[in-house]
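Please read all numbers here as calculations on a predicted model, not as lab measurements. Residue numbers count from 1 along this sequence.
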Amino acid sequence: MEIYGRRLASRLMLGTSLYPSPQVMIEAIEAAPAGVVTVSLRRESGAARAGQAFWELIRGLGRDILPNTAGCHSVREAVTTAQMAREIFGTDWIKLEVVRDTETLQPDVFGLVEAARILSADGFDVLPYTVEDLSVADRLVEAGCRVLMPWGAPIGSGMGLNNRYGLRQLRAHFPELTLIVDAGLGLPSQAAAAMELGYDGVLLNTAVARAGDPVAMARSFALAVEAGRLAYEADPMAPRDMAAPSTPMLGQALLGGAA
């Protein structure tokens with residue numbers, strides 16, 4: 001997978017929240033192994049330098065770090081958080097979130113496009129958390145985004161791919177763009193399905209962190225992502241309405257009555 005010119009060995013990206021302990025988080029990331037880890041940054045934390053020990057732990061993982069603007073509900077808040085993240089983590093990458101609805105955590109698409117335009121002009125490599133809507137995607141690309149992260153389902157819901165048609169259309173409309181399914185995945189089979197649609201990668205957190213065994217679940221998601229990508233590249237057969245015999249009729253023994 002390639003993100004803004006940087007090639008990554010793994011197509012699985014993992015979040016760093018909700019784990020039972022920092023040690024379990026480290027073991028899960030290493031078991032995958034995830035190529036990119038995401039970390040949220042709050043304005044108050046940045047101002048007070050709180051959470052510094054945790055951020056140092058994230059740096060020590062030796063992975064590419066993708067800071068995010070989780071919890072931001074306005075353009076100004078998201079832009080300020082992104083600027084602080086660049087200062088703290090020394091990266092121009094930013095997973096941009098501007099949330100409108102607190103129940104579904106659905107993105108504010110108008111604010112998202114505006115914030116993406118501001119941050120792109122400021123030199124950021126923006127990875128927007130968005131919906132599977134072609135018009136919104138077009139606006140984000142016009143704003144400077146070369147990677148899009150459409151949701152599969154609401155964050156933390158585990159419902160999988162709610163709109164496979166929309167995701168498939170998005171992939172077909174942007175064949176050269178890096179597309180990563182972000183949010184809503186609960187099972188490895190759902191990650192495999194996303195990859196079979198031709199997506200470049202998946203990002204998840206809750207499904208691994210809240211599993212009974214996060215380490216085993218991280219590994220299972222990694223295998224599912226790999227299997228799904230291999231299946232997509234193998235050019236799978238198209239579905240049919242009718243049965244098609246897998247055993248050829250030619251040369252088959254014919255049983256009949258006596259002459």
Side-chain angles (χ1 to χ4, degrees), residues 1-2 7-14 31-35 104 106 129-138 141 147-208 210-259:
M1 180 167 63
E2 185 172 303
R7 295 191 65 82
L8 305 173
S10 174
R11 296 178 181 273
L12 176 62
M13 307 166 76
L14 285 180
T104 65
Q106 180 166 328
Y129 160 64
T130 183
V131 293
E132 72 288 7
D133 183 275
L134 290 179
S135 61
V136 175
D138 273 325
V141 172
V147 178
L148 299 180
M149 304 182 78
W151 66 349
I155 293 173
S157 68
M159 292 191 294
L161 307 181
N162 273 356
N163 184 3
R164 293 196 185 200
Y165 172 80
L167 291 170
R168 188 180 295 111
Q169 289 298 102
L170 198 64
R171 177 72 283 176
H173 191 74
F174 297 102
E176 305 300 326
L177 210 63
T178 298
L179 298 179
I180 300 167
V181 170
D182 174 22
L185 301 182
L187 293 171
S189 58
Q190 297 164 353
M195 300 303 294
E196 289 168 3
L197 291 177
Y199 276 71
D200 297 283
V202 300
L203 189 155
L204 53 116
N205 188 167
T206 309
V208 169
R210 290 303 196 199
D213 185 342
V215 177
M217 187 61 76
R219 184 58 183 151
S220 66
F221 265 102
L223 293 172
V225 167
E226 182 179 356
R229 182 65 185 187
L230 286 173
Y232 171 73
E233 293 176 342
D235 190 16
M237 63 174 285
R240 295 169 53 99
D241 290 331
M242 302 295 292
S246 56
T247 302
M249 298 297 292
L250 184 65
Q252 186 174 8
L254 298 178
L255 301 178

Heavy atoms, side chains only, cut-off 4.5 Å: are [X] and [Y] in contact?
| X | Y | answer |
| --- | --- | --- |
| Leu170 | Leu134 | yes |
| Leu204 | Leu12 | yes |
| Leu14 | Val208 | yes |
| Asp182 | Trp151 | no |
| Asp138 | Phe174 | yes |
| Arg11 | Val202 | no |
| Val147 | Leu177 | no |
| Tyr199 | Leu167 | yes |

Taking all atoms of both residues into account, what is the closest heavy-atom pair of [X] and [Y], and its distance?
| X | Y | answer |
| --- | --- | --- |
| Pro175 | Ala172 | CD-O, 3.5 Å |
| Pro33 | Ser10 | O-OG, 3.3 Å |
| Met217 | Ala207 | CG-O, 3.5 Å |

Using only atom types and a distance under 3.5 Å, with no angle test, would you say the side chain of Gln190 pairs donor to acceptor with the backbone of Leu187?
yes

Worked check of side chain to side chain contact (heavy atoms under 4.5 Å, CB included) between Thr178 and Ile180
CA-CA 7 Å; Thr178 298; Ile180 300 167; 4.2 Å; yes

With rounding to the nearest 0.5 angstrom, report the CZ to CD distance, Arg164 to Glu196.
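The distance works out to 8.0 Å.
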
Would Met1 and Met13 count as a side chain to side chain contact (heavy atoms under 4.5 Å, CB included) here? Give the steps.
CA-CA 11 Å; Met1 180 167 63; Met13 307 166 76; 4.1 Å; yes

Which atom pairs, one a donor and one an acceptor, fall under 3.5 Å between side chains of residues 154-161 and the rest of the protein, sequence neighbours left out?
| from | atom 1 | to | atom 2 | distance (Å) |
| --- | --- | --- | --- | --- |
| Ser157 | OG | Pro154 | O | 2.7 |
| Ser157 | OG | Met159 | N | 3.4 |

Who are the salt bridge (charged side-chain N to carboxylate O under 4.0 Å, His left out) partners of Asp200, not counting sequence neighbours?
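Once residues adjacent in sequence are excluded, the partners of Asp200 under the salt bridge (charged side-chain N to carboxylate O under 4.0 Å, His left out) criterion are Arg171.
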
Which donor-acceptor pairs under 3.5 Å do the side chains of residues 221-235 make with protein atoms, sequence neighbours left out?
| from | atom 1 | to | atom 2 | distance (Å) |
| --- | --- | --- | --- | --- |
| Arg229 | NE | Glu233 | OE2 | 3.1 |

